[in-house]
Amino acid sequence: MNDLTENGVRDVIIIGSGPAGYTSAIYAARAELKPLVIASSVEAGGELTKTTEVENFPGFPEGVMGPDLMIKMQEQAERFGAEVVYDDVVAVELAGETKRVVLGSGETHEARTVIVATGSAYRRLGLDDEERLSGHGVSWCATCDGFFFRQKNIAVVGGGDSAMEEATFLTRFADKVTVIHRKDTLRASKIMQERAFANEKIEFAWNKEVVAISGSEAVTGVTLRDTVDGTESELALDGLFIAIGNDPRVHLFHGQLKLTPAGTIAVDGRSSRTNLPGVFAAGDVIDPTYRQAVTAAASGTVAALDAEHYLAELDQAEASVDAVFAPAN
């Protein structure tokens, strides 16, 4: 198969450039499908580009930095012939044999198959001043912004692995890190909890939720509400890091792809097949439970193989039709 048909239609377009997107690109490229990867103009590489050391990805016994891992995945995909475009998808037309993907530049690409690997986005608290103070003390990325909080007093909202990782990382810079959690126990894995509890710079505000963020030019503090008795208190802060989970990026696909009750793209069993023929999905956008780099990568493998099999069946069907209508000698 070639990267473009006679009509300028590609075999595969991959939307997303995290572990799922680049792994599917590696497999599709090795199958000589020459995939086009739409990597985003601002979030290329996915969430791992915003993380610190990744200790649980197979093959890296000493750990690997998230951005370095994604660079290696991209280089591997490009080595086999994948093309990467740094732009954002603004519209898709996924029904029918030919799929159309429209970019922010206005350019439209067409393909016989599309792999959706758009991942998930940071969840917001939904407070009035959250967006206003974004970049002025409010952050969702410790690795991006931690350096700016040297010798400061900051807080992390959340109780999962991401929150514990953020809090532990931020102790490299801050004098004190307060973990704000709406319950009295953490949902983080045991090893992540132990690291946080053992760190003398980390304190915990149990049974508390942030109901307001203070500061005109920058964050100066937050208002906490006790989830047990409803009382409110003030906590002076220089920065607030939010790590309360993620939501699947599916806004482009509403009305076209079937979603699950959890908001992820629905796929057929253990496959990557969506409700539309020729459209496949992989990674966190289909996974509300595990959300690990290695499971996303494995999911990307499935999507690429499913797309390859689908294209092979299409080619076989077209060849059969051509044989039937071929002129007799």
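No experiment lies behind these values; they were computed from the predicted model shown.
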Checklist entry - Between CZ of Phe173 and NZ of Lys201, what distance do you get to the nearest 0.5 Å? => result 10.0 Å
Checklist entry - Is the count of non-hydrogen atoms from other residues, nucleotides or ligands lying under 6.0 Å from Arg270 atom CZ greater than 12? => result no
Checklist entry - Can you check side-chain contact (heavy atoms from CB on, under 4.5 Å) on Val102 and Glu93, steps first, answer last? => result CA-CA 9 Å; Val102 182; Glu93 297 176 17; 5.7 Å; no
Checklist outcome for this item: Closest non-hydrogen atoms of Ile180 and Val210, given as atom of the first, atom of the second and distance, are CD1-CG2, 3.9 Å
Checklist outcome for this item: Separation between CG (Asn275) and CD (Gln256), nearest 0.5 Å, reads 9.5 Å
Item to check | Glu194 and Lys190, any side-chain heavy atoms less than 4.5 Å apart | outcome: yes
Item to check | Linked, directly or transitively: Tyr27 and Tyr310 (ILVMFWY side chains, under 4.5 Å) | outcome: no
Checklist entry - With the 4.5 Å side-chain cut-off for hydrophobic clustering, are Val116 and Leu103 part of the same group? => result yes
Item to check | Heavy-atom check, side chain of Val294 versus side chain of Pro58, under 4.5 Å | outcome: yes
Next on the checklist: Assess the residue pair Glu203 and Lys176 against the criterion (side-chain contact (heavy atoms from CB on, under 4.5 Å)); give the C-alpha distance rounded to whole Å, side-chain angles, the decisive distance to 0.1 Å, and a yes or no.
Outcome noted: CA-CA 8 Å; Glu203 297 181 0; Lys176 184 174 75 171; 3.4 Å; yes
Next on the checklist: Hydrophobic clusters here meaning ILVMFWY residues chained together by side-chain heavy-atom distances under 4.5 Å, can you tell me if Leu125 and Leu235 are in one?
Outcome noted: yes
Checklist entry - What are the two closest heavy atoms between Met164 and Gly158, and how far apart are they? => result CE-O, 3.9 Å
Checklist entry - Counting N and O atoms only, with roles assigned by atom type, does the side chain of Ser272 sit under 3.5 Å from a partner on the main chain of Ala282, one being a donor and the other an acceptor? => result no
Checklist entry - Just one of Tyr122, Trp140, Phe149 clears the ring-ring contact (aromatic ring centres under 6.0 Å, His included) bar with Phe241, so which one? => result Phe149
Checklist entry - Taking the side chain as C-beta and beyond, is there a heavy-atom pair between Asn56 and Gln292 under 4.5 Å? => result yes
Checklist entry - To the nearest 0.5 Å, how far apart are CG in Leu94 and CD1 in Ile15? => result 6.5 Å
Checklist entry - Are more than 12 heavy atoms from other residues, nucleotides or ligands located less than 6.0 Å from atom NE2 of His251? => result no
Item to check | Side-chain donor or acceptor of Thr227 paired with backbone N/O of Arg182 under 3.5 Å | outcome: yes
Checklist entry - Counting only heavy atoms not in Glu217, do more than 12 fall under 6.0 Å of its CD? => result no
Next on the checklist: Any non-hydrogen side-chain atom of Arg273 less than 4.5 Å from a side-chain atom of Val267?
Outcome noted: no
Item to check | Trace of the side-chain contact (heavy atoms from CB on, under 4.5 Å) decision for Tyr22 with Val84 | outcome: CA-CA 10 Å; Tyr22 276 136; Val84 179; 3.8 Å; yes
Item to check | Under 3.5 Å: donor-acceptor pair, side chain of Ser299, backbone of Gly283 | outcome: yes
Checklist entry - Would you say the ring centroid of Phe204 lies under 6.0 angstrom from that of Phe197? => result yes
Next on the checklist: Checking side-chain polar atoms at under 3.5 Å, does Asp88 have a donor or acceptor matched by the opposite partner on Ser41?
Outcome noted: yes
Checklist outcome for this item: Taken to the nearest 0.5 Å, the spacing of Arg249 CZ from Ser40 OG works out to 7.5 Å
Checklist outcome for this item: dist Ile242:CD1 -> Arg123:CZ (nearest 0.5 Å) comes out at 12.0 Å
Checklist entry - Do NZ/NE/NH1/NH2 and the carboxylate oxygens of Lys208 and Asp226 come within less than 4.0 Å? => result yes
Item to check | Side-chain donor or acceptor of Thr168 paired with backbone N/O of Glu165 under 3.5 Å | outcome: no
Checklist entry - Do any N or O atoms from the side chain of Ser24 and from the backbone of Ala20 form a donor-acceptor pair under 3.5 angstrom? => result yes
Next on the checklist: When you measure from the side chain of Asp268 to the backbone of Ser271, do you find a donor-acceptor pair of N or O atoms at a distance under 3.5 Å?
Outcome noted: no
Next on the checklist: Using every non-hydrogen atom in the two residues, find where Ala82 and Ala25 come nearest and quote the distance to one decimal.
Outcome noted: CB-CB, 4.3 Å
Checklist entry - Hey, is the main chain of Ala188 close enough, under 3.5 Å, to the side chain of Gln193 for a donor-acceptor pair? => result yes
Checklist outcome for this item: All heavy atoms of Ala243 vs all of Glu166, minimum pair found to be CB-CG, 4.2 Å
Item to check | Test item: Asp145 side-chain N/O and Ser139 main-chain N/O as donor-acceptor pair under 3.5 Å | outcome: no
Checklist entry - Is there a side-chain contact between Ile265 and Leu259 (heavy atoms, below 4.5 Å)? => result yes
Next on the checklist: Using every non-hydrogen atom in the two residues, find where Val285 and Ala281 come nearest and quote the distance to one decimal.
Outcome noted: CG1-CB, 4.4 Å
Item to check | Hydrophobic cluster membership, Val101 vs Val37, 4.5 Å side-chain cutoff | outcome: no
Checklist entry - With a cut-off of 6.0 Å (strictly less than), are more than 12 heavy atoms of other residues, nucleotides or ligands near CG of Asp128? => result no
Checklist entry - Is there a path of hydrophobic side-chain contacts, each under 4.5 Å between heavy atoms of I, L, V, M, F, W or Y residues, that connects Ile26 with Leu36? => result no
Checklist entry - Is any side-chain heavy atom of Pro19 less than 4.5 Å from a side-chain heavy atom of Leu48? => result yes
Checklist entry - Is there a donor-acceptor contact under 3.5 Å from the side chain of Thr301 to the main chain of Ala297? => result yes
Checklist entry - Hey, are the side chains of Val250 and Leu257 touching, using non-hydrogen atoms and a 4.5 Å cut-off? => result no
Checklist entry - Taking Asp284 for the side chain and Ser120 for the main chain, is one N or O donor matched with an acceptor at less than 3.5 Å? => result no
Next on the checklist: Within the supplied structure, the quantity of interest is the number of heavy atoms (other residues, nucleotides, ligands) at a distance under 6.0 Å from Arg79 CZ; does it exceed 12?
Outcome noted: no
Next on the checklist: I want to check something: taking the side chain as every heavy atom from C-beta on, are Leu237 and Ile213 in contact at a cut-off of under 4.5 Å?
Outcome noted: no
Checklist entry - So Asp315 and Arg112, side-chain contact (heavy atoms from CB on, under 4.5 Å) or not? Walk me through it. => result CA-CA 11 Å; Asp315 290 341; Arg112 299 198 290 167; 3.0 Å; yes
Checklist entry - For the residue pair Val138 and Glu130, what are the closest heavy atoms and their distance? => result CG1-O, 3.9 Å
Checklist outcome for this item: Here the gap from Glu83 atom CD to Ile38 atom CD1, rounded to the nearest 0.5 Å, amounts to 8.0 Å
